[in-house]
Asks: 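Have a look at the structure that comes next, please.
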Amino acid sequence: MPQADLVLEGGGMKGIGLLGAVLQLLRHGYTFPRVAGTSAGAIVAAFLAAGADEERLAGAMDRLDYAQVPDRARPGIPGLSEGVSLLRDAGAYEGDYIHGFIERELAALGVTTFEHLHREDSGADPGLERYRDYKLVVMATDVTRGRLLRLPWDYELLGLPPDEQRVADAVRASISIPLYFDPVTIRGGGGEPTTLVDGGVLSNFPIEAFDRTDGEQPRWPTLGVKVIPELPAGNAQLLPGIPRIAVSALPPLQMLERVAATAIVGNDQTYLERPCVRRRAIQVDTSAVGIVEFDAPEATRAAVRASGEAAVSEFLSDWDWEAYKRDCRGSTP
């Protein structure tokens, strides 16, 4: 059975494309020793790391009620509740439904804390610290100190024991789309509050997360699945709340959109411009659905999922691991 570490990009509802891609990889026999994800990618990654196979992953995601994802705070009045929540909590929606969903599905797989996701690997990169010995890594952005957190790796920076932290809490932090979902505040070992938002603010596609640092040849590839198109095409999809007419008419809004989009994916896009990085990235066409289009009809969701499946089939049709190692890692036949 082929093995690969897997990195899943964030993208809200576009994550349905990730699901299709992962299911297709599983059908081709792939197993995933380690998985990393941001935002929507963190949800799928968590289920994979917890041991979900094709049937259980599909079943879990089929149980997700997308209409409940944007959960209004009291009094539950459209428009009013969002406004009150934004002023009070800096997010239009609570994020409680999706948090509870993740927690229930992980519990059904026997996982609650990161202690359950430890991995032992005698052949792992000896340069990696002990705190990186986990099957799952999710990205979150610490806006209190202005840095990327790779959870559970970086819990120690906050004075928190990684094994004791709940996986669902880390994923909930990773999906905190700024101004859409309430940010997550956690208290470190010294009691200091730290506010976390969507990991995509600083790293939406961390495909280098599992690369070896000791100069040895990788034992298996790291594959990545992308659902956001490159800039400038991806600007509107990253910032769906800005009316397109207003953006077209007002140069300041155009500049705001470009700066914000560049901040989110600019670093990742620069990295992807390297040919050997692009060779291991699977691009899924998710243009049929918007990032926060949680009311998308079932037919649209099915089409995006099928697009993920098709993208993997196309990628695997000419993927050659030995050629990749020869061309990009300097190995000899």
Side-chain angles (χ1 to χ4, degrees), residues 8-20 37-44 61 64-73 76-87 89-102 138-141 143 171-184 196-202 204-205 225-229 231 233-247 253 256-258 260-261 263-265 284-305 307-308:
L8 303 175
E9 187 177 42
M13 274 294 285
K14 293 178 177 291
I16 298 171
L18 298 173
L19 174 63
T38 303
S39 195
I43 299 175
V44 178
M61 298 308 294
L64 176 60
D65 186 347
Y66 293 96
Q68 291 194 57
V69 172
D71 48 354
R72 295 186 179 93
I77 300 173
L80 175 62
S81 291
E82 286 90 335
V84 170
S85 187
L86 271 169
L87 291 173
D89 302 318
Y93 300 102
E94 302 287 277
D96 292 341
Y97 168 76
I98 190 67
H99 180 262
F101 163 78
I102 296 165
V138 302
M139 307 297 160
T141 300
V143 295
V171 177
R172 169 63 182 85
S174 184
I175 66 173
S176 300
I177 301 171
L179 303 182
Y180 192 84
F181 287 120
D182 291 352
V184 170
L196 305 180
V197 299
D198 194 320
V201 171
L202 289 179
N204 206 38
F205 189 56
V225 183
K226 282 185 56 59
V227 291
I228 300 292
L231 304 181
N235 286 353
Q237 297 186 43
L238 282 165
L239 301 165
I242 303 179
R244 306 315 306 160
I245 294 177
V247 170
L253 280 182
L256 172 64
E257 180 182 69
R258 291 171 183 170
I264 294 171
V265 302
V284 180
D285 180 3
T286 59
S287 57
V289 68
I291 286 179
V292 294
E293 195 180 345
F294 294 107
D295 59 351
E298 184 177 349
T300 299
R301 300 199 304 266
V304 175
R305 179 166 158 174
S307 182

Asks: Between Ser176 and Val184, what is the shortest heavy-atom contact and its length?
Replies: OG-CG2, 3.8 Å
Asks: Do Ser81 side-chain atoms and Ile77 backbone N/O form a donor-acceptor pair below 3.5 Å?
Replies: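 Answer holds: yes.
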Asks: Go through the structure and list residues passing side-chain hydrogen bond (donor to acceptor under 3.5 Å, both in side chains) with Glu94, not counting sequence neighbours.
Replies: none
Asks: Under the salt bridge (charged side-chain N to carboxylate O under 4.0 Å, His left out) rule, collect the residues that match up with Arg72, sequence neighbours excluded.
Replies: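 Residues passing salt bridge (charged side-chain N to carboxylate O under 4.0 Å, His left out) with Arg72: Glu82.
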Asks: Please enumerate all residues that pass side chain to side chain contact (heavy atoms under 4.5 Å, CB included) together with Ala42, with sequence neighbours excluded.
Replies: Val138, Val171, Ser174
Asks: Between Asn204 (side chain only) and Gly10 (backbone N and O only), is there a donor and an acceptor less than 3.5 Å apart?
Replies: yes
Asks: Tell me every residue that passes side-chain hydrogen bond (donor to acceptor under 3.5 Å, both in side chains) with Thr141, counting only those two or more places apart in sequence or in another chain.
Replies: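 For Thr141, no residue satisfies side-chain hydrogen bond (donor to acceptor under 3.5 Å, both in side chains) once neighbours in sequence are set aside.
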Asks: When you compare the side chain of Lys14 with that of Ile291, does any pair of heavy atoms fall below 4.5 Å?
Replies: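 In short, these two side chains touch, coming nearer than 4.5 Å.
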Asks: Indicate the ring-plane relationship of Phe294 and Tyr180, choosing parallel, tilted or perpendicular according to the 30° and 60° boundaries.
Replies: tilted
Asks: Where do Thr286 and Val227 come nearest, in terms of heavy atoms and distance?
Replies: OG1-O, 2.6 Å
Asks: Does the side chain of Pro183 come within less than 4.5 Å of Val143's, by heavy atoms?
Replies: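 A side-chain contact is absent here, since even the closest heavy-atom pair is not under 4.5 Å.
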Asks: For a quick test of reading the model, state the closest non-hydrogen atom pair linking Leu18 to Gly41 and the distance between them.
Replies: CD1-CA, 3.5 Å
Asks: Grab the two heavy atoms, one from Asp96 and one from Asp71, that are nearest each other, plus how far apart they are.
Replies: N-OD2, 2.8 Å
Asks: Of all heavy-atom pairs between Met13 and Ala296, which one has the smallest distance, and what is that distance?
Replies: CE-CB, 4.2 Å
Asks: Say you draw a straight line from CZ of Phe181 to OH of Tyr97; how long is it, rounded to the nearest 0.5 Å?
Replies: 11.0 Å
Asks: Donor-acceptor pair, distance only, cut-off 3.5 Å: does the side chain of Arg301 make one with the backbone of Ile16?
Replies: no
Asks: For Gln68, give me all partners under side-chain hydrogen bond (donor to acceptor under 3.5 Å, both in side chains), at least two apart in sequence or on another chain.
Replies: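 Result, side-chain hydrogen bond (donor to acceptor under 3.5 Å, both in side chains) vs Gln68: Asp65.
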Asks: List for me each residue that meets side chain to side chain contact (heavy atoms under 4.5 Å, CB included) alongside Leu179, sequence neighbours excluded, and say none if there are none.
Replies: Leu86
Asks: Using a 4.5 Å cut-off on heavy atoms from C-beta on, say whether the side chain of Glu298 contacts that of Thr300.
Replies: no
Asks: Are the side chains of Ile228 and Glu9 in contact, using a 4.5 Å heavy-atom criterion?
Replies: yes
Asks: Is the shortest side-chain heavy-atom distance between Phe205 and Thr38 below 4.5 Å?
Replies: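 Heavy-atom side-chain distance check fails, nothing below 4.5 Å.
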Asks: Which residues pass the side-chain hydrogen bond (donor to acceptor under 3.5 Å, both in side chains) test with Asp285, not counting sequence neighbours?
Replies: Ser287
Asks: Contact between Ile98 and Ile43 at the side-chain level, heavy atoms closer than 4.5 Å - yes or no?
Replies: yes
Asks: What pairs with Ser39 under side chain to side chain contact (heavy atoms under 4.5 Å, CB included), at least two apart in sequence or on another chain?
Replies: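 Residues passing side chain to side chain contact (heavy atoms under 4.5 Å, CB included) with Ser39: Ile175, Asp198.
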Asks: Just verifying a value: how many Å separate Asp182 CG and His99 NE2, rounded to the nearest 0.5 Å?
Replies: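 If we round to the nearest 0.5 Å, Asp182:CG and His99:NE2 are 12.5 Å apart.
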